[in-house]
Asker: 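For reference, the structure I am asking about is given below.
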Amino acid sequence: MASNVPYTFENQTEAAGLSRHELNILAFRSLMLQASFNYERMQAAGWLYSIIPALRKIHKNKHDFNRSLQDHSEFFNTHPFLVTFIIGVVLAMEEKKMSRDAIRAIKIALMGPLGGIGDALFFLTLLPITAGIGASLAVQGNIAGPIVFLLAFNVVHFGAVFGLIHVGYGTGVKAVTKLKASMKYISRGASIVGLTVVGGLIAAFVNFKITYVWSMGKTNIKVQEGILDKIMPAMIPLAYTLLMYWLLKKGWSPIWLIVTTVVIGLLGALSGVM
Amino acid sequence: MASNVPYTFENQTEAAGLSRHELNILAFRSLMLQASFNYERMQAAGWLYSIIPALRKIHKNKHDFNRSLQDHSEFFNTHPFLVTFIIGVVLAMEEKKMSRDAIRAIKIALMGPLGGIGDALFFLTLLPITAGIGASLAVQGNIAGPIVFLLAFNVVHFGAVFGLIHVGYGTGVKAVTKLKASMKYISRGASIVGLTVVGGLIAAFVNFKITYVWSMGKTNIKVQEGILDKIMPAMIPLAYTLLMYWLLKKGWSPIWLIVTTVVIGLLGALSGVM
Amino acid sequence: MASNVPYTFENQTEAAGLSRHELNILAFRSLMLQASFNYERMQAAGWLYSIIPALRKIHKNKHDFNRSLQDHSEFFNTHPFLVTFIIGVVLAMEEKKMSRDAIRAIKIALMGPLGGIGDALFFLTLLPITAGIGASLAVQGNIAGPIVFLLAFNVVHFGAVFGLIHVGYGTGVKAVTKLKASMKYISRGASIVGLTVVGGLIAAFVNFKITYVWSMGKTNIKVQEGILDKIMPAMIPLAYTLLMYWLLKKGWSPIWLIVTTVVIGLLGALSGVM
Amino acid sequence: MLTQALLIALLAGLAGIDLYVGLTHFHRPVVLGGLVGLIMGDFTTGLITGGTLELIWMGMVPLAGAQPPNVVIGGIIGTAFAIITRQDPKTAVGIAIPFAIAVQGLITLLFTLFSPMMQKVDAFAKAGNYKGIEKINYFGATNYFLVSAIVAFLPIYFGSGAASHIVSAVPQWVLSGLSVAGGIMPAIGFAILLKIMLKKEYIMFFIVGFVLVAYLNMTTLAIALIGLAIALYDYHVNKNKTENYKNIANGDEMADGI
Amino acid sequence: MLTQALLIALLAGLAGIDLYVGLTHFHRPVVLGGLVGLIMGDFTTGLITGGTLELIWMGMVPLAGAQPPNVVIGGIIGTAFAIITRQDPKTAVGIAIPFAIAVQGLITLLFTLFSPMMQKVDAFAKAGNYKGIEKINYFGATNYFLVSAIVAFLPIYFGSGAASHIVSAVPQWVLSGLSVAGGIMPAIGFAILLKIMLKKEYIMFFIVGFVLVAYLNMTTLAIALIGLAIALYDYHVNKNKTENYKNIANGDEMADGI
Amino acid sequence: MLTQALLIALLAGLAGIDLYVGLTHFHRPVVLGGLVGLIMGDFTTGLITGGTLELIWMGMVPLAGAQPPNVVIGGIIGTAFAIITRQDPKTAVGIAIPFAIAVQGLITLLFTLFSPMMQKVDAFAKAGNYKGIEKINYFGATNYFLVSAIVAFLPIYFGSGAASHIVSAVPQWVLSGLSVAGGIMPAIGFAILLKIMLKKEYIMFFIVGFVLVAYLNMTTLAIALIGLAIALYDYHVNKNKTENYKNIANGDEMADGI
Ligand SMILES: OC[C@H]1O[C@H](O)[C@@H](O)[C@@H](O)[C@@H]1O
Ligand SMILES: OC[C@H]1O[C@H](O)[C@@H](O)[C@@H](O)[C@@H]1O
Ligand SMILES: OC[C@H]1O[C@H](O)[C@@H](O)[C@@H](O)[C@@H]1O
């Protein structure tokens with residue numbers, strides 16, 4: 001996991017701490033996390049953008065600052081609502097001039113689980129609930145629909161973004177080693193919740209139904225209701241998702257999967273099967 | 001856990017065993033367990049009442065008897081249908097003139113879990129089932145309703161009260177140490193069942209519904225069905241119970257919680273919200 | 001577990017391996033597994049029948065061959081769709097001239113769990129699903145019913161029979177000791193799945209309903225819907241199965257249980273209770 | 001009316017005892033309903049009203065010392081008024097609720113006021129005066145009788161006229177507010193149970209129980225069975241763990257159990 | 001009629017074998033129905049009756065040697081009678097039940113009577129006479145053929161007249177009693193499975209499966225998936241445990257796995 | 001029309017940014033609907049159409065970088081067309097789908113084309129030129145604005161006539177095929193999540209989640225709670241295990257915790 005030539009900061013003095021206000025500014029900048037999203041490094045440049053003011057304050061030594069910028073331009077991807085927790089932890093470590101390897105290890109260990117769990121909890125749980133309520137008001141022509149949605153959603157959203165940076169920074173300063181020890185547990189716990197939710201979401205959100213009706217003589221069998229649903233509800237959504245998963249592991253890119261899916265949809269509609 | 005000046009019985013000879021008949025009398029007396037219920041020591045005096053004949057038989061030495069009476073007038077609270085199990089165990093230990101500390105430790109270790117589990121299983125499971133059947137007969141004017149209820153309920157009730165005293169006494173004589181070792185497991189198991197049940201009971205038995213209908217122009221939204229139930233069914237009952245829990249931990253007395261609840265009910269009705 | 005006079009093969013040279021074709025012939029012969037089913041040794045003679053060609057090839061020494069035939073005529077019972085896995089493993093061991101005890105231990109360790117799990121998964125899951133779909137086509141007069149059923153069912157059936165013999169043989173050659181070590185886990189896992197399924201099947205497939213309607217004056221209470229189902233759905237099927245289980249443990253033979261059940265059915269119908 | 005009121009008071013007194021002492025649960029509305037009906041001369045109406053009240057008040061049981069609205073008084077007065085005023089049982093509940101909540105308060109007060117008695121128990125214990133301790137218990141039980149009997153007696157004795165007069169003087173929102181409060185009240189009992197039983201390491205079981213009932217409407221028995229299954233599994237996991245530790249400590253091989 | 005009866009007997013014989021040998025499951029009513037229909041000259045009625053019987057007899061499979069009412073005979077005779085008597089399929093089941101239960105008894109008897117044959121197997125094994133062992137198996141399979149063929153032949157040959165005569169002579173309660181017994185019968189198979197599989201430390205899984213189906217009506221596949229998930233979890237818990245023991249024993253650091 | 005088209009383009013551009021930057025989620029159809037309505041002069045229709053689209057497109061969120069059909073363009077064009085053509089909201093969805101899928105493709109392309117920019121970031125980092133890095137980010141955000149604004153502008157500007165002309169020229173099966181594809185699309189996002197999160201030792205949790213929703217229709221929140229309960233249990237099992245190891249290693253007695 002270590003880079004070949006371990007870099008040590010020229011200036012080893014611990015930097016002065018970041019104020020609450022400074023942390024809040026970082027949290028605000030983190031809203032830009034995905035401004036330069038791309039398939040090579042995903043949120044790397046956005047991550048850099050978020051933490052630049054802090055790095056400038058911590059590393060007055062120019063070499064150290066440049067080095068730090070370089071380190072933080074590596075591949076990065078996590079959930080945008082949870083990124084500030086990582087920012088907090090990482091900056092606490094930078095401040096203490098901890099080893100580059102330790103910092104990178106923590107960053108990598110945190111970004112994966114927080115990405116999955118964030119998607120599951122915010123985009124796939126919070127969003128459907130709040131937008132669902134909003135929409136059910138809106139379809140009745142009630143202007144409260146979008147308002148209730150925006151308020152409810154963003155109380156959690158900004159609560160997380162502006163709250164977690166302080167939590168992360170506090171954790172990082174107090175107990176980085178302890179965090180690393182418990183990372184295994186946090187990561188496992190997050191995976192458990194995340195995978196339970198994803199398993200459910202496939203059944204709930206992938207909409208793949210066979211509309212074909214099988215006629216033999218006087219008999220009409222609805223293939224979806226009469227056969228597939230009897231074997232297992234949501235069987236095709238599950239099978240299709242696992243197929244996509246398998247193709248991804250075989251090295252297919254998401255773009256091809258999208259194209260394939262569009263073709264399948266068109267063929268399905270053309271043949272009247274879906 | 002030990003008292004400051006450990007008391008040892010003057011008469012250290014093991015007492016003669018209690019007969020089945022004597023145990024049954026104790027079980028019968030335990031029906032008085034809550035006769036002198038109060039918020040300082042709860043069932044302490046009733047517990048004492050239940051075991052007096054046995055203590056008299058075991059401790060012929062007057063000092064020992066008085067001491068034992070004093071020990072057993074401490075705070076005590078458990079489920080009245082399960083108390084005889086504790087009586088059995090404790091008297092087996094008294095009989096063997098075991099250390100006061102050991103006896104007290106067992107008593108305390110048993111009373112908590114048995115209290116919770118008994119409430120969950122007898123008052124919140126057995127009672128609703130049997131009374132539910134009885135009531136569904138009664139509302140049809142069928143006299144079998146109360147009879148079926150009383151029979152079904154009390155077969156279990158008296159079965160537990162008169163059965164467990166022998167089980168407890170047998171366990172106590174044979175394997176007090178083993179019991180203590182496994183107490184941790186029993187207590188944990190009981191907590192698991194109890195908390196699972198209590199979690200469910202909140203959803204089932206706390207009846208807290210918002211009847212308010214939100215009108216904006218032509219739109220009418222039933223707040224309970226249209227919003228709250230969509231977020232999570234039984235959300236308000238859960239929230240209110242957790243609020244009560246939190247207030248209890250803050251030191252509020254149950255009396256104040258009752259008063260608060262009455263006030264909330266009145267305000268809710270007055271404002272038409274509930 | 002060992003027999004009294006441990007037998008060692010006279011010819012200790014490892015035999016030549018079995019070809020894919022030879023294994024397939026064994027799998028085919030295993031279809032006869034239950035040809036000579038009986039209550040003393042169940043599938044013992046059918047098991048012998050299945051593996052005879054392989055034993056003849058492995059044990060050219062006549063004593064060894066006879067001895068092997070004798071060993072394999074012991075009590076045997078497992079699920080007929082999974083037996084070829086055991087055949088594969090056992091023959092790999094025979095081939096290596098492993099100890100009689102090891103071979104027998106593996107055979108016994110495998111047959112129980114595979115029996116239960118096979119019944120649960122093939123007879124009680126696969127069959128109801130495929131036959132259910134087939135039947136729901138057939139009742140509409142659609143000839144596809146039986147055809148779909150036979151195809152779907154037997155793809156799995158013959159897939160298992162002809163597939164598992166190679167899996168078993170491969171496992172056996174490579175890692176008999178490892179298998180033995182993990183047998184405990186496999187057996188436990190199979191028991192967990194099996195018992196979960198059996199618990200559910202009792203509720204699903206045991207059809208035991210009280211049709212009695214209890215009349216008192218103007219009141220009519222359907223005992224099944226009005227009382228029993230309120231206590232617990234499928235209560236009688238569960239109770240009856242546990243009764244049968246208890247009688248079996250008491251030493252009753254299944255034949256008597258069948259007779260008892262017929263008598264109960266007749267009495268139930270005669271009295272109008274069931 | 002006096003005879004009836006006295007009989008009702010007697011019944012209420014005994015049921016008031018049974019709520020804490022004896023616990024045969026003949027004090028539940030499903031039983032009291034018919035008995036009140038017998039006294040008031042209309043058994044069937046009593047039976048039906050009692051059944052109706054039972055179905056509404058199912059979760060109202062004393063948990064860990066917390067008192068819910070008093071089902072004895074609620075059941076007796078509710079049924080009596082249903083018979084006297086010939087009202088529909090559901091309406092009778094409305095009338096019974098203020099009394100049930102008032103007695104809930106009284107009993108809670110009684111349990112508080114009885115606390116000083118414990119000094120006496122200490123003194124008797126020190127002196128070995130076991131008869132004294134017994135008498136305190138008989139005294140306690142008597143209180144239950146008196147509270148219930150008196151509260152039940154008054155409204156019956158002063159008659160439906162006076163009672164419905166009083167009740168109709170009370171604004172409707174107060175009655176329905178008390179009824180709402182009654183429905184919420186079990187939360188307090190559950191909160192007290194939680195305070196006793198809930199540790200951080202048990203929260204997950206609480207969540208499971210809640211989700212299964214809130215979303216799947218499972219019955220309490222089903223939940224108890226699921227809880228039992230989890231507890232058994234947990235026990236085996238922990239037990240094997242412990243045994244293995246011992247084996248390791250003793251240098252033994254791994255236990256067969258796992 | 002003779003030709004038909006012979007063809008039916010042949011079909012029954014082959015299906016009787018398939019129930020134990022081959023196990024392609026063409027012996028299930030859903031398949032036999034149509035085949036009986038072909039022989040009796042009314043394919044569609046046969047198909048429909050077979051489907052109907054299948055849906056009723058879904059749980060009737062031989063488990064751990066326990067025989068449920070015989071679906072081969074039940075399916076064949078039920079379908080044949082439905083065609084002959086032009087009765088509604090549900091009624092045909094009623095007629096088929098006594099035969100299905102009778103053959104259940106016969107097969108159970110056959111499995112008992114065949115036990116002494118095992119002495120012969122022992123002798124052949126000792127002598128290395130593998131051909132003898134093979135013959136015993138062929139003999140066993142032949143028995144299945146004969147029992148099923150004969151029992152199916154007779155009622156068809158002697159005709160619907162005689163059969164319905166006999167059946168109508170049987171009081172109604174006997175028919176419906178046998179039908180009730182047939183519905184309960186799978187309990188015996190499950191009890192035998194339990195005797196084999198159930199240990200004290202597995203009771204919780206049994207409870208979970210029962211509760212999920214009894215209260216939530218989950219299908220067998222769903223239950224099997226839940227069971228699988230539990231088993232996988234349990235496996236990982238135990239495996240990690242073991243690996244850690246080894247690590248401790250070897251003085252290693254904690255395994256990454258946990 | 002020009003003013004409207006420009007306003008719509010502005011709205012689309014800002015929402016296009018919000019989809020990735022800011023994430024207040026005012027870009028969801030439930031909010032955009034009403035805003036488009038305001039611009040087009042029919043607020044209520046806009047609101048209702050937006051709500052309808054929201055309910056259909058609930059699972060369409062970007063997961064782990066995978067783009068679903070673009071809800072910004074889908075929401076804006078769907079609503080605008082619903083107002084212009086006075087069609088029922090459900091039909092409007094049909095018209096919006098091809099645009100939503102086209103923009104999904106465009107954005108995916110953009111994310112691919114932006115990759116080479118990372119060389120620039122590296123150079124700036126080496127040189128300590130943090131201003132340069134910031135500019136790259138502003139440039140990225142601008143792209144989002146442009147893509148969305150332009151794609152939204154054209155069909156509105158060229159009017160419902162041209163648009164419905166084009167759309168009606170497209171065969172019906174293409175429209176419904178794209179709609180089917182849109183419904184399936186979330187599978188790709190989930191597959192990517194699985195690729196990141198799924199290890200062999202976690203399969204059981206995935207199964208549990210699937211079964212609970214597929215068979216019992218539990219909501220996502222319920223599933224998340226169940227997952228949380230399992231995770232907490234698992235944590236305590238593992239933690240206790242570890243603590244006990246330590247205790248054994250230190251020769252201590254067993255921890256109280258288990
Ligand atoms: O909780 C145990 C126990 O506590 C108190 O003694 C009373 O509330 C009882 O009803 C209850 O059973
Ligand atoms: O239980 C395993 C196995 O036992 C016996 O051999 C028969 O009942 C089979 O049908 C069953 O599969
Ligand atoms: O999966 C984490 C994260 O990955 C990418 O950055 C985007 O798809 C985000 O929407 C997502 O939250």
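These numbers come from the heavy atoms of this one structure, side chains and all, not from hydrogens, waters or symmetry mates. So that the names make sense, note that chain A is the first sequence line, chain B the second, and so on, each numbered from 1.
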Asker: At a heavy-atom separation under 4.5 Å, does B:L127 approach chain D through its side chain, its backbone, both, or neither?
Answerer: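 When you check distances to chain D, only side chain atoms of B:L127 fall under 4.5 Å.
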Asker: Side chain, backbone, both or neither: which part of D:Q172 has a non-hydrogen atom closer than 4.5 Å to chain B?
Answerer: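 Neither part.
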Asker: Which of parallel (below 30°), tilted (30 to 60°) and perpendicular (above 60°) describes D:H25 and B:F153?
Answerer: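 The arrangement is tilted - the two ring planes meet at 30° to 60°.
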Asker: Are the aromatic ring centres of B:H157 and B:F122 under 6.0 angstrom apart?
Answerer: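 No, ring centres 6.0 Å or more apart.
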Asker: Below 30° counts as parallel, above 60° as perpendicular, anything between as tilted: where do the rings of D:F111 and D:Y20 land?
Answerer: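 If you compare the ring of D:F111 with that of D:Y20, the planes turn out perpendicular.
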Asker: Which bit of D:Y144 comes within less than 4.5 Å of chain B, counting heavy atoms only: side chain, backbone, both or neither?
Answerer: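 Side chain only.
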Asker: Taking side chain as everything from C-beta outward and backbone as N, CA, C, O, which of these in D:I192 sits under 4.5 Å from a heavy atom of chain B? Side chain, backbone, both or neither.
Answerer: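 Both backbone and side chain.
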Asker: Heavy-atom pairs under 4.5 Å with chain D - which of B:F28, B:F208, B:F65, B:Y240 has more of them than the others?
Answerer: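 Most pairs with chain D among the choices: B:F208.
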Asker: Taking every non-hydrogen pair under 4.5 Å, which of B:V262, B:V197, B:I52, B:L257 racks up the most with chain D?
Answerer: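 It is B:I52.
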Asker: Of the listed residues (D:A229, D:A125, D:A141), which shares the most heavy-atom pairs with chain B below a 4.5 Å separation?
Answerer: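 Heavy-atom pair counts peak at D:A125.
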Asker: Which region of D:M118, side chain (C-beta onward) or backbone (N, CA, C, O), has a non-hydrogen atom less than 4.5 Å from a non-hydrogen atom of chain B, or is it both or neither?
Answerer: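 When you check distances to chain B, atoms from both the backbone and side chain of D:M118 fall under 4.5 Å.
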Asker: Looking at D:L47, D:N137, D:V30, D:V31, which one has more heavy-atom pairs under 4.5 Å with chain B than the rest?
Answerer: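 Heavy-atom pair counts peak at D:N137.
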Asker: Is it true that B:E10 and B:K62 make a salt bridge, defined as a side-chain N closer than 4.0 Å to a carboxylate O?
Answerer: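 Looking at B:K62 together with B:E10, the answer is no, because their closest N to O distance does not fall below 4.0 Å.
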Asker: Determine whether D:F206 and B:I202 make a side-chain contact, defined as any pair of heavy atoms from C-beta on separated by less than 4.5 Å.
Answerer: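 Yes; the side chains approach each other to less than 4.5 Å.
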Asker: Heavy-atom cut-off 4.5 Å, strictly under: side chain, backbone, both or neither for D:D234 against chain B?
Answerer: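 The side chain, not the backbone.
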Asker: For B:L201, is it the side chain, the backbone, both, or neither that has a heavy atom closer than 4.5 Å to a heavy atom of chain D?
Answerer: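 Contact with chain D involves both backbone and side-chain atoms of B:L201.
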Asker: Is the ring pair D:F205/D:Y202 parallel, tilted or perpendicular, if the boundaries are 30 and 60 degrees?
Answerer: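 It falls in the tilted class, 30° to 60°.
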Asker: Inspect the contact between D:E54 and D:R28 and indicate whether a charged nitrogen and a carboxylate oxygen are less than 4.0 angstrom apart.
Answerer: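 A salt bridge is present here (some side-chain N lies under 4.0 Å from a carboxylate O).
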Asker: Counting only heavy atoms closer than 4.5 Å, note whether B:L124 contacts chain D via side chain, backbone, both or neither.
Answerer: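 For B:L124, backbone and side chain are both near chain D.
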Asker: Please identify, among D:T44, D:L53, D:T108, D:L193, the residue contributing the most non-hydrogen atom pairs under 4.5 Å to chain B.
Answerer: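 Heavy-atom pairs under 4.5 Å are most numerous for D:T108.
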Asker: Just so I understand: if I count every heavy-atom pair under 4.5 Å between each of D:L109, D:I133, D:V121 and chain B, which residue has the most?
Answerer: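 Highest number of pairs under 4.5 Å: D:I133.
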Asker: Backbone N or O of B:I133 within a donor-acceptor pair of the B:S136 side chain at under 3.5 Å?
Answerer: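 Present.
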Asker: Does this structure show an ion pair linking B:R67 with B:D71, if we count only N-O contacts that are shorter than 4.0 Å?
Answerer: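 A salt bridge links B:R67 with B:D71.
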Asker: I'd like to know which of D:F114, D:Y130, D:F43, D:F124 tops the heavy-atom pair count under 4.5 Å against chain B.
Answerer: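 The answer is D:Y130.
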